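A short worksheet on the structure shown next.
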Amino acid sequence: MNAVYDPKAVESAAQAHWEARDTFRATESGAGEKYYCLAMFPYPSGNLHMGHVRCYTLGDVINRYHRLKGFNVMQPMGWDAFGLPAENAAIKRGIPPASWTRDNIDYMRGQMQSLGFGIDWHREFATCDPDYYHWEQWLFVKLYEKGLVYRKNSVVNWDPVDQTVLANEQVENGRGWRSGAVVERREMAQWFLKITDYAQELLEELDRLDGWPESVKSMQRNWIGRSEGVEIDFAVTPAPGVESESLTVYTTRPDTLLGATYVAVASQHPLAIAAAAQDPAVADFVEECKRNTTAEADMAAMEKAGIATAIEVIHPLTGEALPVWVANFVLMEYGSGAVMSVPGHDQRDWEFARKYDIPIKQVIEPIDDADCDLDQAAFTAHGRLVNSGGFSGLDFDAGFDAVAQALADNDQGRRVTNYRLRDWGVSRQRYWGCPIPMIHCEKCGVVPVPEADLPVVLPTEVQFDGVRSPLTTMESFLNVPCPKCGAPARRETDTFDTFMESSWYFARFACPDANAPMVDERVNYWAPVDHYVGGIEHAILHLLYARFYFKLMRDAELVDADEPFTNLLMLGMVLQGGKKMSKSSGDAGDPQKLLDKYGADTVRTAMMFAAPPDQSVEWSEAGLEGALRFLKRLWNLTHDYAAKGIFADLDVDGLSAAGRDLRRKSFATLARADDDYGRRKQFNTVVSAVMELCNNISKFEPANDADRGVAIEALRHAVLVISPIAPHIAHHLWAELGMSEELVGYPWPAVEADALVQDQVQMVVQVNGKVRGKIQVAAGSAQDEVLAQAKSEPNVARFIDGKTIRKEIVVPDKLVNIVVG
RNA sequence: GCCUGGGUGGCGAAAUUGGUAGACGCGCCGGAUUCAAAAUCCGGUUCCUUCACGGGAGUGUCGGUUCGACUCCGACCCCAGGUACCA
């Protein structure tokens with residue numbers, strides 16, 4: 001054995017060993033219970049950043065730990081290969097997105113391999129492989145036939161100079177990031193998936209996802225946003241250009257209906273358009289509203305503004321005429337694009353009413369002594385109805401019911417369950433994505449591409465002349481005979497949202513070479529994913545779409561399970577110099593330099609040691625020296641003991657007192673690490689536990705051969721426990737410690753209860769909750785014995801002498817608190 | 001704005017069920033080794049106070065519950081993630 005730790009040599013030897021044995025290839029016939037361990041696959045941006053290192057190291061730690069626990073583990077890897085950055089590279093540097101992406105994949109695969117991740121590379125694929133997206137197109141057509149796909153207009157960010165649609169991210173302060181032109185809202189026909197049909201199931205199943213963090217479930221619940229309310233019809237007073245006779249709004253507060261003093265509609269609402277046709281001021285306002293982005297955060301941050309129209313509606317209960325306003329904060333996408341406004345009891349309506357001098361009417365009063373001054377703010381809590389005719393005096397629930405009933409009796413309203421969740425718009429006006437398998441025929445309308453003609457392959461030999469998708473001008477792609485009538489027709493040129501690819505890749509990993517539609521029977525061996533690891537930034541969109549997609553696949557009888565991910569670990573962000581290191585930021589730290597300088601084990605250990613997984617970390621090189629020092633120490637300790645000979649049999653009875661202490665620490669470390677790895681998923685404390693054990697071993701002075709044996713046992717525990725985190729050095733030291741069996745998958749040792757027994761314990765003595773002394777007692781001592789010893793402790797006695805003892809609390813083997821007055 | 005997290009020494013953090021706040025590591029200080037340095041090893045390291053024993057304060061802020069609060073409750077401040085076309 002070399003006296004000096006040489007990470008490069010150790011790591012390449014271990015990696016060669018695993019590769020030669022194909023250690024991480026997973027099969028359905030493997031021994032043990034199946035365990036599907038998955039980390040969110042990366043976008044191939046060019047090189048790994050520290051966020052990737054963290055995510056995939058965590059995944060690998062879980063993978064290797066479960067192998068030690070006897071599971072048949074499958075850990076695959078692939079590439080989320082479609083997306084914007086490839087197009088940007090193409091536009092900027094003239095490299096076709098396909099070759100740019102393939103080059104990135106090759107480089108990043110090499111980086112992952114040098115990090116020693118235990119991945120089954122036989123399952124690798126990229127989402128831009130036609131063999132993969134073929135099945136996405138196939139399912140889309142099936143869903144179209146089932147009525148779960150439809151086309152409707154929706155708003156996009158339009159760059160009038162570049163003549164292209166911009167992603168929200170490409171809009172900076174209302175301007176296109178390349179052209180600098182003021183972005184406009186523009187309506188376009190787009191494809192949608194009916195995720196709202198699954199809203200209730202997506203909500204209910206959250207209650208059964210015990211392996212998910214509560215915070216993520218909470219975010220998804222709020223995103224789905226189920227609410228119980230009432231739809232109310234307001235009759236529209238006839239006016240020039242107004243076609244509709246009634247205006248429907250949704251409210252969760254029908255109890256406040258008598259306090260409605262106006263109605264507000266979105267700027268794209270038919271009433272707004274009608275009003276704009278009659279009134280240039282309204283037209284100007286509607287035009288002004290087009291110069292907002294489509295991002296909800298921007299909408300919420302902007303100054304609330306509106307304009308009155310000449311149109312009026314009739315209050316369904318009072319018959320009173322209420323003005324219709326056009327307001328910039330009403331979303332056309334949500335509900336009916338119109339809201340009733342009750343400034344007395346809704347803060348946003350209150351502010352709007354104050355700004356435009358609209359009457360504020362109190363119809364709710366507090367039941368308790370809560371503050372209620374409508375000159376200061378709206379009163380938004382539930383309360384008792386007042387100034388509401390026959391409804392006055394009712395509380396929230398009774399008022400809700402009575403108003404809903406009154407509306408229903410007149411056929412002017414109905415109780416409804418509403419969801420905040422909107423259908424999933426999957427069309428993107430971009431080149432580098434999966435082509436949407438639809439054909440537009442002048443005679444037949446929209447016709448899906450027949451199954452036999454799938455996949456619609458994305459042409460990869462393309463030239464970017466500007467920012468528009470090359471597909472829109474590529475005649476060889478565009479022209480196609482209509483599958484129905486044979487007449488010349490044109491292909492859809494939009495591609496899918498890349499969330500489509502990432503919504504089912506985990507299922508394909510179970511059977512990456514399946515020729516059956518999408519997946520074959522192997523999927524039901526591996527799915528659902530037992531442990532899914534990924535960034536917290538995916539807590540809502542990706543995870544919700546993937547859950548939805550899996551249910552679509554279930555309903556197409558492709559998979560058996562209801563939910564795709566049994567356990568979920570959400571990672572905090574990796575920050576560097578205060579900057580977010582997302583997949584989209586190109587300037588993220590390159591771990592290659594660190595790998596070259598320190599080796600994979602040190603980088604992995606430092607990353608795991610930096611913080612618990614769910615916390616964000618500010619990454620710096622500072623921790624690397626410490627991690628390397630620790631691995632060197634483990635190396636040197638092992639070397640020292642191995643040089644003096646390995647003791648195969650442990651003579652427990654021959655141990656010195658210090659030997660018994662070391663053995664207790666050794667097994668306590670095993671137990672603690674098992675709990676941290678398995679239950680708590682907190683790996684920084686695993687590293688510190690092994691550090692502590694190593695400190696104990698190096699301080700330990702063996703008194704005899706039994707003691708030397710216990711040190712060897714402790715070193716084996718240290719090596720085994722650290723092996724999921726630093727697998728290469730562990731692989732090497734394991735052999736040095738006389739272990740001939742493979743470390744990967746070696747059975748995790750059972751904790752010997754006898755080894756943990758402790759005769760003496762230290763107890764803390766408090767007086768009035770302040771620590772005044774410490775006492776040594778036999779473990780399990782009786783309360784009065786403990787109290788007597790506590791009171792005789794000099795510093796404790798000092799604080800209780802001459803005082804009346806009011807209370808005595810004893811927490812067995814831990815603490816005594818004496819309360820004096 | 002809204003939803004979800006987070007805030008503990010000079011720094012990264014630990015404290016698992018309400019029971020010794022600061023384990024472990026970085027950095028720094030002192031020492032050993034060395035011609036010298038690096039590396040390594042040993043000791044110290046929350047702040048204030050004390051020769052010392054000890055004492056006081058302390059987990060974003062303010063308040064509450066409790067024998068006892070980083071932990072539970074209420075209000076607030078700040079930071080991060082998401083906000084439907086970044087992935």
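Here is the naming used below: chain letters follow the sequence lines, and residue numbers restart at 1 for every chain. Here the structure is a predicted model, which means the values were calculated and not measured.
Whole-Å rounding puts the A:L575 CG to B:C79 C1' distance at 10 Å.
A ring-centre distance under 6.0 Å is not found for A:W79 and A:F41. Taking the six-membered ring wherever Trp is involved, the centroid distance between the rings of A:F683 and A:F609 does not fall below 6.0 Å.
Taking the six-membered ring for Trp and thresholds of 30 and 60 degrees, A:W100 and A:Y43 have ring planes inclined between 30 and 60 degrees apart.
Applying the 4.0 Å criterion to OP1 and OP2 of B:A14, one finds that A:R680 has every side-chain N and O outside that range. Residue A:N168 has a polar side-chain atom (N or O) positioned under 4.0 Å from OP1 or OP2 of B:A84. Using a 4.0 Å cut-off, no side-chain N or O of A:K770 falls inside it from OP1 or OP2 of B:G58. The side chain of A:R772 contributes no N or O atom lying less than 4.0 Å from OP1 or OP2 of B:C53. Phosphate proximity of B:A80 to A:S616: absent, as no side-chain N or O sits under 4.0 Å from OP1 or OP2. Note on A:N684: a side-chain N or O is less than 4.0 Å away from OP1 or OP2 of B:A14.
At a threshold of 4.0 angstrom between heavy atoms, the contacts of A:A295 are confined to the sugar-phosphate backbone, with no base atom among them. Using a 4.0 Å heavy-atom cutoff across all strands shown, A:D614 reaches no nucleic acid atom at all. Nucleic acid contact class of A:F799 (heavy atoms, under 4.0 Å, all strands): sugar-phosphate only. Among the atoms of the strands shown, base atoms are found under 4.0 Å from some heavy atom of A:I809. Using a 4.0 Å heavy-atom distance criterion, A:N817 is classed as a base contact. At a threshold of 4.0 angstrom between heavy atoms, the contacts of A:V819 are confined to the sugar-phosphate backbone, with no base atom among them. Counting non-hydrogen atoms under 4.0 angstrom, A:V811 reaches a base of the nucleic acid. Using a 4.0 Å heavy-atom criterion, one finds that A:S427 contacts the bases of the nucleic acid, with or without backbone contacts as well. Residue contacts for A:V216: at a heavy-atom cut-off of 4.0 Å it reaches no nucleic acid atom on any strand shown. As judged by a 4.0 angstrom heavy-atom cut-off over every strand, A:Q170 is placed among residues making no nucleic acid contact. Contact annotation for A:A622: backbone-only contact, meaning every heavy-atom pair under 4.0 Å involves sugar-phosphate atoms and none involves a base. Base contact: A:L421 has a heavy atom under 4.0 Å from a base atom. Residue contacts shown for A:G623 are absent, as no nucleic acid heavy atom lies under 4.0 Å away. At the heavy-atom level, A:F329 lies nowhere under 4.0 Å from the strands shown.
Judged by the 6.0 Å distance and 45° axis criteria, A:R420 is positioned over the aromatic ring of A:W223.
A donor and an acceptor atom never sit less than 3.5 Å apart when one is taken from the side chain of A:N222 and the other from the base of B:C3. Side-chain N/O atoms of A:K774 and base N/O atoms of B:U20 include a donor-acceptor pair closer than 3.5 Å. Residue A:R629 places no side-chain atom within donor-acceptor reach of the base of B:U40, judged by atom type and a 3.5 Å distance cut-off alone. Judged by distance alone, with hydrogens and angles left aside, A:E296 brings a side-chain donor or acceptor within reach of the base of B:G1, the pair sitting under 3.5 Å.
Base orientation for B:G9: syn, the chi torsion being within 90° of 0.
When Watson-Crick and G-U wobble pairs are counted only if both distances are under 3.5 Å, B:C35 pairs with no nucleotide at all.
Under a 4.0 Å N-O distance rule, the pair A:E692/A:K665 qualifies as a salt bridge.
A:F82 pairs with exactly one of A:F496, A:W432, A:Y505 by the ring pair (Phe, Tyr, Trp, His ring centres under 6.0 Å) rule, that one being A:W432.
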